[in-house]
2 protein chains.
Amino acid sequence: MKILIVDDEEMIRAVLREYIEFEGGEADEASDGMEAVKLCRERDYDVILMDVMMPRLDGFSAVKEIRKFKQTPVIMLSARGEEYDKLFGFEIGSDDYVTKPFSPKEVMARIHAVMKRGKGAQTSQEVYEFEGLHIDMEGRTVTVDGEKAELTPKEYELLFYFVRHNGVALTRERLLNKVWGYDFYGDDRTVDTHVKMLRGNLKEYRKFIVTLRGLGYKFEA
Amino acid sequence: MKILIVDDEEMIRAVLREYIEFEGGEADEASDGMEAVKLCRERDYDVILMDVMMPRLDGFSAVKEIRKFKQTPVIMLSARGEEYDKLFGFEIGSDDYVTKPFSPKEVMARIHAVMKRGKGAQTSQEVYEFEGLHIDMEGRTVTVDGEKAELTPKEYELLFYFVRHNGVALTRERLLNKVWGYDFYGDDRTVDTHVKMLRGNLKEYRKFIVTLRGLGYKFEA
DNA sequence: TAATGTATGTCAAGCGGTTGTCAAAACGCA
DNA sequence: TGCGTTTTGACAACCGCTTGACATACATTA
């Protein structure tokens, strides 16, 4: 049980951590949204506890950002009445919410509930939508403006890796290591060819794959 | 899972529908009691979500009316404190209630609870119909255009697993683990052979089993 | 601005891997 | 033992990956 606690109040983080560790869990802490996003890129969490009101990047925006590359369940922590509508609609993709002041026990209960749910569903619903580009990793389908795109295995893997690292600059070397595997010994221009094919299949959405001269590529949507 | 949502606020209906459909359910909507009664006469629902305060015919009266001809489980949605006593006593024949503002997650949990309760009476038989392909898991029968298909045990298990994961990309490894069991140590090409046999038995509906080159297979209907 | 070198885009062809298919062998149950 | 089922191995057909060559775009320097 790995939890990320995101709150600007150290006291709150400390209390939650206490409870999580008491139950044998592991907790990381972030004091604002930016930090949270960064940590999420680096590690996988079972649940994220996310405060709404924070400096730099607020909770809603942070979840939105994280959703671009991960589907980790999120429980929002908010002051009563604070942006209530958003919480209600879960427009930003959170899975539950708790209003402050909350009892740590309640939070723990929600954590367990969310984790249980996730296990039941089993599938971590990796579905992305960028304008008219629809990507379903579970079903291994990609549609461009509603029309199904027929990709080759490598193209799927490459695209999925791109999407999971949306906005991250990727060198050819890293792509070869991660998509082709560490045991691949070949020309790194191979990447270029596959990017070309992938771009062709993405039609107008080829624009999402940006060339970084002297470096590699980046998926940006 | 067929749900009828009755509420005069379109926003609330939309949110609930979203959640129901996300879980693979089907939802109809009514904006007042009269409409709800009308729809209930025409169709059978697994659960009805019924708001209390509505124009024309209120929730309590609507349930009373529906109870005259159907026993569909009802979950009442009401503002906190609103006619609390009635809700609490379930005098009007509702099976559960949720007070607004509620979290959609909570509502979903109640739906599951109510449906589970109801299941004791009538087992939700796992019967699937894809065009002319009829699959009855409980009866362990498969008919192709009305003609019974004779499958071997493994073929049944494989098909059932496929159907239960309709639209999901499945690797040979996963199929071996789930259908053959984790203790199977053999060639993963074994899957191919069984897929071949299964396809042969499904005749024209072999098309539902899609090959995902470099990965495995997917059932898609 | 022109010249030059480097990086990337693009394409086609051959090779190698993956899958469809079948038959024979191995297995398991009555 | 005998039968149906499962698994394995072999072969053919097919498809995708990789590579090398050339074209083009970009950056650097004079």
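In what follows, chains carry the letters A, B, and so on, assigned in the order in which the sequence lines appear, proteins first and then strands, with residues in each chain numbered from 1.
With C/dT10, D/dT8, C/dT8 as the choices, the nucleotide that has an atom nearest any side-chain atom of B/Asp187 turns out to be D/dT8. Side-chain atoms of A/Tyr217 lie closest to C/dT8 of the nucleotides C/dT10, C/dT8, C/dC22. Residue A/Pro153 places its side chain closer to D/dG16 than to any other of D/dG20, D/dT7, D/dG16. Considering only side-chain atoms of B/Trp180, the nucleotide from C/dT8, D/dT7, D/dT18 that sits closest is D/dT7. Residue B/Arg213 places its side chain closer to D/dG16 than to any other of D/dG16, C/dA7, C/dG9. Residue A/His194 has its side chain nearest to D/dT18 when only D/dA10, D/dT18, D/dT6 are considered. Minimum atom distance to the side chain of B/Thr193 is reached by D/dT7, of the listed D/dC17, C/dT19, D/dT7.
At distances below 3.5 Å, not a single donor-acceptor pair connects side-chain atoms of B/Tyr217 with backbone N or O atoms of B/Leu170.
The residue A/Arg199 sits close only to the backbone: its heavy atoms come under 4.0 Å of sugar-phosphate atoms, none of a base. Using a 4.0 Å heavy-atom distance criterion, B/Leu151 is classed as making no nucleic acid contact. At a threshold of 4.0 angstrom between heavy atoms, the contacts of B/Thr190 include nucleobase atoms, whether or not backbone atoms are also involved.
As a whole-Å value, the separation of B/Leu212 CG from C/dG20 C1' is 15 Å. Atom pair B/Arg189:CZ and C/dC22:C1' shows a separation of 12 Å (rounding to whole Å applied). Between the CZ atom of B/Arg172 and the C1' atom of C/dT18 there is a distance of 8 Å, rounded to whole Å. Rounded to whole angstrom, the span from the CG atom of B/Leu175 across to the P atom of D/dT7 amounts to 13 Å. Atom-to-atom, CD of B/Glu157 to P of D/dT7 comes out at 12 Å; the value is rounded to the nearest Å. A/Leu176 places its CG atom 14 Å from the C1' atom of D/dT19, with the value rounded to the nearest Å. Spacing between atom CG of B/Asn201 and atom C1' of D/dG4 amounts to 14 Å, rounded to whole angstrom units. In this entry the distance linking CZ of A/Phe184 with C1' of D/dG16 reads 13 Å, nearest Å.
For the 3.5 Å distance criterion, the side chains of B/Asp145 and B/Tyr205 qualify, holding a donor opposite an acceptor.
Proximity of the aromatic rings of A/Phe130 and A/Phe219 is defined here by a centroid distance below 6.0 angstrom, and this criterion is met.
The environment of CD in A/Glu173 is sparse: at most 12 heavy-atom neighbours from other residues, nucleotides or ligands sit within 6.0 Å. Atom CE of B/Met108 has more than 12 heavy atoms from other residues, nucleotides or ligands within 6.0 Å.
The residue among A/Thr211 and B/Asp192 whose nearest nucleotide of DNA chain C is located toward the 5' end is A/Thr211.
Distances shown here put every side-chain N or O of A/Lys196 at or beyond 4.0 Å from the OP1 or OP2 atom of C/dT8.
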